[in-house]
Amino acid sequence: MHALIQAIILGILTGGVYALMASGQTLIFGIMKIVNLAQGALVVLGAYLTYTLFTTFGLDPFLSIVITTPLLFLVGVVVQRVLIRPLRGSDVAELSLLVTFAVALAIEGALSFAYGSTLTNVQPAYANSSWTVLGFQVSVVRFVAFVLSLVLLAALYFILQRTKFGRSVRATVQNPASAELLGVNASRVSAIGFGLGAATAAAAGSVFGMLNAFNPGSHYDLISRLLTVVVLGGLGSIGGSVIAALVMGVASSIVSAEAAPIWGDFTFFVVLLLVLLLRPRGLFGARVRGAL
Amino acid sequence: MAEITTTVALPAQGEALLELGGVTAGYGAGLILRGVDLTVNRGEIVCLIGPNGAGKSTVLKTVSGLLTAKDGFVRFAGNDLNRLSPRERLGLGIVHVPQDRSLFPGMTVWENVEMGAFVLNDRALVRRRLEEVTERFPIVGRRRTSLAGSLSGGEQKQVELARSLMLDPALILLDEPSIGLDPKSRTAVFASIAQLTEDGRTVLLVEQNARSGLAVAHRGAVLEAGRVALTGAGSALLEDPEVGRLYLGASAAGKTPRLDAAAPAAAAP
Ligand SMILES: Nc1ncnc2c1ncn2[C@@H]1O[C@H](COP(=O)(O)OP(=O)(O)O)[C@@H](O)[C@H]1O
Ligand SMILES: [Mg+2]
């Protein structure tokens, strides 16, 4: 029982970070109907930037978010403007899969060139410290990462629900033609939306680098987990993907603890298959789909 | 994001506000409009009728800027519109309510109406407009927090009309507002349209339901094969035997008048 609760705590904390990564991916999908296969690579890029800021300048990994987030926001805007926006025609969805996958490979290649392919880890002094709460171990890094993810998700929610820009994003998601008629600049919304999606990857990446050993190829594993979460959440619903991330985090954590860590990774794919077979519209069905 | 210019010198009541002359336009290579001449005077409702696919929606698009006229002129209060972006035309006070459902289904009624003033940056002004619009369309206040997608078709159309007033537009382009509505909502929509001109607004209306459209309009125009074939007072067109035969349903009373009764062959000159 103790082990089970411990696994659930660990799963929730990990799931929060996945929720952050997945929310960015969902935002991009919602606005542009594009499955961004580079989201995992952007997370790894964020992790390496954090690594360099930490090892070279001694910047605390959590604080480095202040730098990595705006930087990847810009990367996202440029990727959208230069590579996604010029796509035309009826097969934009398919073409964008290729383009975003190419972006992922380009990032992987550049990182391999710069850092090599050995596994690294960002290890601040507090990396291995933990609190004991009611007899349960709570890692400091995991806890702060979870809280940080919640704060950033709340910020994203606030932007979407309460700002004029957010309203123009939701309008574009729900009825692009009508939004344009009212004066919304869809191309600007897309660029900023892609930027925000990449920014969430940056923030999640800073944390990811402390929680996991990683190398430039880590994005393959990440993107498959992210796709599982996003599909489970019902493509296009941020709330859905947050819940799906927590569910997946807990499920794989329990399986790792009760069976073996290797089966924990496997959980994601089993769940993905089950969802695609049984509930192809995600846990929450079509009701929330496409509304963000 | 410049502040919008709602201030363009409008002509006097009854004088030409919108003028199309020799307008040609199309999608890609072919021409859909082949020289459209049409004048809409300030304070008028002009109803454009014509067979399916005649290019009625295309005419509205050349006015709102979704499409640029290839040839000819589109003038608004004497200003050439052809070179202006859709957003700039919004700024002049031209609002386009498209044919398809245009609300944001996952946003509340209130947010939808607020989106009508998206190009305005003056919050106090937007708040004032919201109050005015709510007074005029009580449904906006009543269903304020409902998701737009949960409203009936008739209710959605009323909210669309309410939203179109948020910019206090001089010219409203309405594309088939009564399409797909039950008779009661249709009556309500035409009543709302009739009221739009009360404060000096001008309406260019496209209607499939030609009888009701012409009845509410001051003038009507018939679009055929990419040209305006006939114009006249709404009441005159309603009594015109040719128009009656083609667009109002040929046979006697009792039958619902339907425009699509005009088969393409019948529409040919
Ligand atoms: N986006 C478009 N692309 C290509 N052709 C179009 C498009 N919209 C309309 N058309 C064509 O233009 C013609 C006129 O369309 P439209 O203006 O919508 O007619 P109406 O509103 O009178 O029914 C039709 O033949 C239609 O098929
Ligand atoms: Mg039409």
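Every chain is numbered from 1 and lettered A, B, ... according to where its sequence line falls, protein lines coming before strand lines.
- Residues Asn121(B) and Lys164(A) are in side-chain contact: their nearest non-hydrogen atoms beyond the backbone lie under 4.5 Å apart.
- The nearest pair of heavy atoms linking Gly183(A) to Arg87(B) is O-NH1, 2.7 Å.
- Between Leu182(A) and Met166(B) there is no side-chain heavy-atom pair separated by less than 4.5 Å.
- Heavy atoms of Leu66(B) lying under 4.5 Å from chain A belong exclusively to its side chain.
- Both the backbone and the side chain of Pro105(B) have a heavy atom closer than 4.5 Å to some heavy atom of chain A.
- The salt bridge (charged side-chain N to carboxylate O under 4.0 Å, His left out) check on Glu180(A) picks up nothing, with sequence neighbours excluded.
- The NZ atom of Lys61(B) sits 10.0 Å away from the CG atom of Leu181(A) when rounded to the nearest 0.5 Å.
- For Tyr157(A), the OH atom counts as loosely surrounded, since its 6.0 Å shell holds 12 or fewer non-hydrogen atoms of other residues, nucleotides or ligands.
- Of the atoms belonging to Ala179(A), heavy atoms from both backbone and side chain fall under 4.5 Å from chain B.
- Taking both residues in full, the closest heavy atoms of Ser102(B) and Ser178(A) are given as O-OG, 2.5 Å, listed atom of the first, atom of the second, then distance.
- Judged as a salt bridge (charged side-chain N to carboxylate O under 4.0 Å, His left out), the pairs with a partner in residues 92-116 of chain B (not counting sequence neighbours) are, in order, Arg167(A)-Glu114(B), Arg170(A)-Glu111(B).
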